[in-house]
J.: 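Handing you a structure now.
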Amino acid sequence: PQARVFTFRIEISSDTGETVTKHVAAKGFNRSLEHADASAVTSCPLAFDVLPAGRLTFSVTPVNCFGEAGRPLRKEYDRRP
């Protein structure tokens, strides 16, 4: 079954092998579909010091209320000096 996003799983992996995982509730997950927040952008500020060193890969996976994961979005970022 399809359902709207309930949470996002954010995984930040480094080329050093370290991985940080965060779970963020989607903004408006508890609102009706007609409410403006139901389709609002969700943001997740992260402190720079919690990120692993090296070349990073960010993976953001939507998860519905049944715990089913969608297709992740990935982005690489090089944190090396």
Side-chain angles (χ1 to χ4, degrees):
Q2 292 188 349
R4 68 186 200 184
V5 174
F6 185 68
T7 61
F8 291 97
R9 181 176 59 236
I10 302 168
E11 294 177 333
I12 306 149
S13 303
S14 172
D15 58 357
T16 64
E18 186 179 357
T19 300
V20 174
T21 303
K22 302 285 184 186
H23 296 271
V24 178
K27 183 172 182 165
F29 77 93
N30 59 339
R31 301 289 187 169
S32 69
L33 290 174
E34 294 79 27
H35 195 280
D37 280 348
S39 59
V41 174
T42 299
S43 62
C44 175
L46 296 170
F48 203 64
D49 61 346
V50 301
L51 300 177
R55 186 169 185 79
L56 304 178
T57 300
F58 290 81
S59 177
V60 180
T61 305
V63 180
N64 69 22
C65 61
F66 300 109
E68 297 170 338
R71 189 173 48 208
L73 299 174
R74 289 189 174 84
K75 177 72 176 168
E76 291 187 1
Y77 174 76
D78 196 348
R79 187 175 170 191
R80 295 175 291 190

J.: If you take all heavy atoms of F66 and N64, which pair is closest and at what distance?
T.: N-OD1, 2.8 Å
J.: How close do S14 and L56 get, heavy atom to heavy atom, and via which atoms?
T.: CB-CD2, 3.9 Å
J.: How close do A26 and F8 get, heavy atom to heavy atom, and via which atoms?
T.: CB-CE1, 3.8 Å
J.: Is D15 reaching over with its side chain to a backbone N or O of G54, donor-acceptor style, under 3.5 angstrom?
T.: no
J.: Looking only at heavy atoms, what is the nearest atom pair of D37 and R31, with distance?
T.: CB-CG, 4.1 Å
J.: Tell me whether L73 is reachable from V5 by hopping between hydrophobic residues (I, L, V, M, F, W, Y) whose side-chain heavy atoms are closer than 4.5 Å.
T.: no
J.: How long is the straight-line distance from OG of S59 back to NZ of K75, given to the nearest 0.5 Å?
T.: 13.5 Å
J.: Has the side chain of T21 got a donor or acceptor atom that lies under 3.5 Å from a matching backbone atom of E11?
T.: no
J.: Minimum heavy-atom separation for P72 and T61, please, with both atom names.
T.: CB-OG1, 3.2 Å
J.: Work out which heavy atom in R71 is nearest to a heavy atom in P62; give both atom names and the distance.
T.: O-CD, 3.6 Å
J.: Compare all side-chain heavy atoms of L46 with those of V20 and state whether any distance is below 4.5 angstrom.
T.: no
J.: Determine whether V24 and L51 fall in the same hydrophobic cluster, where Ile, Leu, Val, Met, Phe, Trp and Tyr are linked whenever their side-chain heavy atoms lie under 4.5 Å apart.
T.: yes
J.: Using the rule that Ile, Leu, Val, Met, Phe, Trp and Tyr join whenever any side-chain heavy atoms are under 4.5 Å apart, tell me whether I10 and F29 fall into a single cluster.
T.: no
